[in-house]
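Below is one structure, written out as structure tokens, with a few remarks after it.
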Amino acid sequence: MKLIALVSGGKDSAYNMMQCVAHGHEIVALANMKPPSSSGKDELDSYMYQTVGHDAIHYYAECMELPLYRREINGTPLQQEAIYDTTENDETEDLYLLLKEILEKHPDAKGVSVGAIMSNYQRVRVEHVCERLGLESLAYLWERDQRELLMEMANAGVNAILIKVAAMGLKPQLHLGKTIAEMYPILCDLNDKYEVHVCGEGGEFETFTLDCPLFKKRIVLDETEIVTHSDDPFAPVGYLRLKQCHLEDK
């Protein structure tokens with residue numbers, strides 16, 4: 001089946017793409033939601049989309065040698081019920097419009113790669129959009145054991161780094177920029193101590209994938225900046241602004 005892959009830049013969307021290919025599917029286009037340029041923000045307070053790291057997503061097109069389609073998130077999370085109904089100006093409708101546009105250019109696409117692990121909010125809304133467009137949602141990571149899954153990602157060659165932290169035990173100056181392989185024992189320890197989700201499913205951290213087996217080129221960071229949202233002594237919040245990058249042949 002030919003697929004459109006939703007990419008946030010994070011480890012989950014990258015690894016789900018790998019699972020789709022392993023199951024015999026072909027990715028024909030990439031789709032990404034980004035903050036409005038007029039907002040001047042690196043990150044939006046969105047229930048649906050990871051936007052931190054959006055400033056380097058454009059490299060994915062060359063890394064995977066695929067067309068990348070992007071759309072600004074103009075809606076807000078208006079409809080927050082467990083079941084989603086089409087709601088004008090909800091952020092979910094921005095995804096519908098993006099996938100509809102991509103389908104016009106790739107009418108042979110029949111499915112969507114989705115990196116959801118345990119967010120019912122996200123899964124329900126993506127499935128609602130897919131159903132309206134006649135697409136199948138493929139989420140191979142859904143409800144996987146998080147310890148097992150994160151180790152599997154690292155061992156499979158997903159080189160993803162932490163670009164946001166927001167949890168007890170995680171510190172911007174110490175942990176931003178670390179790979180998921182480096183962070184694995186730390187995250188397991190924090191899970192034991194504070195019930196931190198090992199894959200960050202509680203919003204504890206976000207990642208950005210610099211390389212994976214599907215990439216023809218890898219992303220190399222040249223210049224980054226740590227931005228602190230909150231210097232709370234117990235659970236500081238900060239993210240890594242990706243100021244300058246380049247691509248490197250593999």
Side-chain angles (χ1 to χ4, degrees), residues 5-22 30 32 42-43 49-57 59-60 63-64 113-119 122 139-215 217-221 224 226-227 235-242 245 247-248 250:
L6 301 183
V7 292
S8 63
K11 60 183 177 14
D12 305 336
S13 56
Y15 194 56
N16 197 72
M17 284 195 293
M18 290 170 60
Q19 292 300 301
C20 288
V21 172
L30 306 174
N32 171 258
D42 292 321
E43 183 184 24
Y49 312 110
Q50 171 185 321
T51 52
V52 65
H54 74 91
D55 38 0
I57 280 285
Y59 288 109
Y60 271 47
C63 284
M64 295 191 67
S113 170
V114 187
I117 297 176
M118 63 174 287
S119 169
Q122 183 186 56
Y140 287 106
L141 314 186
W142 182 247
E143 293 189 334
R144 287 279 310 274
D145 176 85
Q146 292 189 43
R147 288 190 184 220
E148 178 186 284
L149 180 57
L150 190 66
M151 176 59 77
E152 188 176 295
M153 288 182 189
N155 289 340
V158 177
N159 180 22
I161 60 167
L162 267 65
I163 55 166
K164 182 182 179 183
V165 295
M168 189 173 291
L170 293 177
K171 301 178 181 178
Q173 299 293 337
L174 188 60
H175 297 124
L176 288 176
K178 299 285 188 186
T179 67
I180 56 173
E182 292 171 320
M183 289 299 299
Y184 183 78
I186 298 168
L187 292 168
C188 288
D189 183 55
L190 293 176
N191 174 253
D192 292 335
K193 288 179 178 176
Y194 310 121
E195 298 186 349
V196 166
H197 290 81
V198 173
C199 283
E201 286 300 290
E204 295 92 342
F205 65 91
E206 304 281 6
T207 59
F208 189 82
T209 302
L210 300 174
D211 192 17
C212 78
L214 297 182
F215 284 11
K217 297 182 179 182
R218 64 173 63 91
I219 301 170
V220 179
L221 302 181
T224 61
I226 293 177
V227 179
V237 179
Y239 68 91
L240 202 62
R241 180 178 289 145
L242 309 180
C245 311
L247 296 181
E248 191 173 90
K250 296 170 68 172

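FYI, the numbering just counts along the sequence from 1.
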How far apart are the closest heavy atoms of [X] and [Y], and which atoms are they?
X    : Y    : result
I226 : P172 : CD1-O, 3.8 Å
Q146 : G200 : OE1-N, 4.0 Å
L174 : K178 : O-CE, 3.3 Å
A167 : V196 : CB-CG2, 4.4 Å
A160 : T209 : CB-OG1, 3.8 Å
T207 : K11  : OG1-N, 2.9 Å

How about E195: does its CD atom have over 12 heavy atoms from other parts shown lying under 6.0 Å from it?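 For E195, atom CD is not crowded (no more than 12 foreign heavy atoms under 6.0 Å).
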Interatomic spacing from [atom1] in [X] to [atom2] in [Y] - rounded to 0.5 Å:
X    : Y    : atom1 : atom2 : result
I57  : I219 : CD1   : CD1   : 7.5 Å
Y239 : E206 : OH    : CD    : 13.0 Å
F208 : H54  : CZ    : NE2   : 11.0 Å
F205 : I161 : CZ    : CD1   : 12.5 Å

Using modelled atom types only, decide if a donor and an acceptor are shared between the side chain of N16 and the backbone of V114 within a distance under 3.5 Å.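 A pair under 3.5 Å: yes.
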Full working for side-chain contact (heavy atoms from CB on, under 4.5 Å) between Y59 and K217: CA-CA 9 Å; Y59 288 109; K217 297 182 179 182; over 6 Å; no
Qualifying residue, where the test is side-chain contact (heavy atoms from CB on, under 4.5 Å) with N191 and the options are E204, H197, R147: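 The side-chain contact (heavy atoms from CB on, under 4.5 Å) with N191 is passed solely by R147 among E204, H197, R147.
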Pick one: which of M18, Q19, M17 meets side-chain contact (heavy atoms from CB on, under 4.5 Å) with S113?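 Of the listed options, the one satisfying the test is M17.
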Can a side-chain donor-acceptor contact be found between R218 and N159 if the only test is distance below 3.5 angstrom?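 No, no side-chain donor-acceptor pair sits under 3.5 Å.
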Is a salt bridge present between D12 and R144, judged by a nitrogen-to-oxygen distance below 4.0 Å?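 Here D12 does not pair with R144 in a salt bridge, since their nearest N and O are not under 4.0 Å apart.
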